[in-house]
Amino acid sequence: MELILDIFTGICFFIGSLSIIIGACGLIKLPDVFSRIHAAGMIDTGGTAFFILGMVFQTGWSLITVKLILIGVFIFFTSPVTSHVTANLARQKNILPVGKKIGKIL
Amino acid sequence: MKSLILFLILLTLWLLMSGHYSILIISLGIFSCAFCVYVAKRGKLIDDEGLPIFFIPRLLNYLIWLFKEILKSNLSTAKVIINGKVEPETFTVKASQVTDVAKVTYANSITLTPGTVTTKMQKDVFEVHALNSDFGNDVRTNEMDNKVTWLEGKK
Amino acid sequence: MFLAALIACAITGILILVRIILGKTTFDRILAVNSLGTVIVIGISLHGFYSSRPEFLDIAIVYALINFIGTVAVLKLFSTGSLGGDT
Amino acid sequence: MISELLINAFLVTIMLSIAIALIKTRTVIFTVILTSAYSLVAALMFITLDAVDVAFTEASVGAGISTILFLAAMAYLPKKEEDSISSEFIPALSCIILGGILIWCSFDLPEIGQLTAPIHQHIAPEYIKGSKEDIGIPNIVTSVLASYRGYDTFGETIVVFTAGVAVLALLEKKNTTKKNKSQPKQKIRKNA
């Protein structure tokens with residue numbers, strides 16, 4: 001039983017590590033602020049979700065699990081807000097995104 | 001009624017976070033939770049926006065769908081970053097929700113799925129930035145919009 | 001296992017640091033610092049498990065909130081020019 | 001043990017590179033952002049040193065409140081820092097000498113966790129033995145801080161509180177006088 005949980009944790013950590021490293025690479029590689037927000041979103045959603053899932057497999061049911069899930073919920077609620085505020089402010093300062101525009105832009 | 005629900009939520013949080021259950025500490029917790037509720041009530045923070053109860057019956061279903069969606073778009077974002085085929089595009093979509101909370105939920109759901117970000121909001125028109133035309137098409141099919149309208153349950 | 005995950009966090013931290021130092025606009029840097037905060041939250045919880053003292057999760061919770069407040073405060077100052085309520 | 005050393009070395013390297021970037025930059029808001037990142041990493045460092053309470057304080061005060069205070073003060077400052085005029089040789093020399101003295105002194109410190117160190121001989125064993133029955137709080141650091149040296153902590157808190165009130169009062173006063181000046185700025189922004 002312990003072995004199975006360990007394997008699950010290992011898989012989750014592997015996927016999480018992969019997604020945060022790819023996200024950080026994207027943060028460096030992508031061309032402008034608006035594209036980089038997507039990479040940061042990958043770190044915030046994919047990375048955290050899998051790491052927390054992996055740690056939940058290790059604890060079983062206790063108060064620690066609740067705290068882990070709380071961390072996940074906080075990051076889940078706050079990450080889109082920061083992304084949106086950053087993007088909105090960049091638009092307010094008249095930075096136009098690279099790439100094609102479809103239809104009328106606000 | 002709503003302040004009672006808020007009080008219970010706060011108290012549950014306190015009990016879960018503290019982990020020490022003696023009479024003194026629990027009574028301190030009850031006191032501070034009551035004080036928080038009082039401050040929130042004085043600041044008129046307790047309304048439909050602060051505590052959207054009408055989401056609750058369909059929330060679980062929506063969350064499961066959202067997680068699935070996030071997983072899918074994480075995969076495709078990773079592919080885009082590795083391939084390096086970035087063709088960003090910007091477009092506007094219309095939100096069909098009634099209340100402000102539901103609109104915010106829709107905008108946040110768009111932002112939460114990597115690959116699409118809401119950059120500007122004006123009443124019920126969102127400006128969305130997508131990493132690729134595939135992500136753009138995902139938003140433009142209005143599947144998420146319909147889901148959030150269904151979650152709101154006002155129509 | 002936990003050590004491997006911690007190493008992954010460390011590599012991510014270095015990559016993000018490169019973006020912080022290179023970053024052209026302020027928004028790039030704010031975004032990168034926010035991501036660094038998320039990675040550190042993960043790192044704190046992982047380190048807690050690695051040294052088998054998961055009580056450190058309390059700090060990770062405080063961190064997740066402080067990171068958000070700090071980022072929003074910086075952005076608010078940048079947009080309005082002050083933190084007061086009358087602007 | 002080796003992994004602990006590796007983690008510490010890595011964190012110190014990151015802090016060092018952030019500090020160098022801090023010196024190099026000339027934009028004030030970027031300085032504040034970097035300071036926030038620095039204290040984020042510093043708190044992680046305190047956690048690896050097993051000082052939970054300090055890490056808590058560093059996280060909330062260093063990364064949260066002081067960033068916001070810096071920002072509030074920054075609203076009255078020019079956006080760009082001027083290049084320094086005087087030569088950098090003497091400050092650098094004095095910093096290096098002071099750092100050298102501190103490192104030299106640190107060789108005389110007892111090793112971390114050594115039982116015969118003076119700090120573990122004096123009154124600490126009594127605190128450790130009696131703290132649970134005397135006060136009833138599971139965390140020893142908290143019981144020492146809030147009860148055994150309660151008057152000390154009380155005085156410190158008063159000093160910190162006074163400083164906070166003074167800072168708030170200073171910022172508030174400037175706000176009212178500056179109101180008229182900030183009006184035309186916004187008009188320009190709207191036109192542009």
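Residue numbers start from 1 in every chain, and the chains themselves are labelled A, B, ... in the order their sequence lines are given, proteins ahead of strands.
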If one checks every heavy atom of A:Ile52 against chain C at 4.5 Å, the contacting part turns out to be neither
Sorted by chain and number, sequence neighbours left out, ring-ring contact (aromatic ring centres under 6.0 Å, His included) with A:Phe8 holds for A:Phe57
**Q.** Distance flag, aromatic centroids of A:Phe51 and A:Phe13, threshold under 6.0 Å
**A.** yes
When the 4.5 angstrom heavy-atom criterion is applied to C:Phe49 and chain A, the contacting part is side chain
For this session: Mind running side chain to side chain contact (heavy atoms under 4.5 Å, CB included) on C:Val39 and A:Ile43 for me, showing each step along the way?
Result: CA-CA 8 Å; C:Val39 172; A:Ile43 297 178; 4.0 Å; yes
For chain C and chain A, what donor-acceptor pairs lie under 3.5 Å, backbone included?
unit_1: C:Arg19; atom_1: NE; unit_2: A:Leu27; atom_2: O; d: 2.9
unit_1: C:Arg19; atom_1: NH2; unit_2: A:Ile28; atom_2: O; d: 2.9
unit_1: C:Asp28; atom_1: OD1; unit_2: A:Arg36; atom_2: NH1; d: 2.5
unit_1: C:Asp28; atom_1: OD2; unit_2: A:Arg36; atom_2: NH1; d: 2.8
unit_1: C:Asn34; atom_1: ND2; unit_2: A:Thr82; atom_2: OG1; d: 3.2
unit_1: C:Thr38; atom_1: OG1; unit_2: A:Asp44; atom_2: OD1; d: 2.9
unit_1: C:Asp58; atom_1: OD1; unit_2: A:Lys67; atom_2: NZ; d: 3.3
unit_1: C:Phe78; atom_1: O; unit_2: A:Lys93; atom_2: NZ; d: 3.3

Output for pair (C:Leu75 CG, C:Leu31 CG), nearest 0.5 Å, gives 9.5 Å
Whatever's closer than 4.5 Å to a heavy atom in chain A on C:Leu46 counts as both
The reported gap from CG in A:Leu27 to CG in C:Leu17 (rounded to nearest 0.5 angstrom) is 11.5 Å
Applying a strict 4.5 Å limit to non-hydrogen atoms, the region of A:Ile21 in contact with chain C is both
CD1 of C:Ile66 to CD1 of C:Ile61, rounded to nearest 0.5 Å, is 12.5 Å
Rounded to the nearest 0.5 angstrom, the CG-CG distance for A:Leu63 and C:Leu57 is 11.0 Å
Separation between SG (A:Cys12) and CD1 (A:Ile7), nearest 0.5 Å, reads 12.0 Å
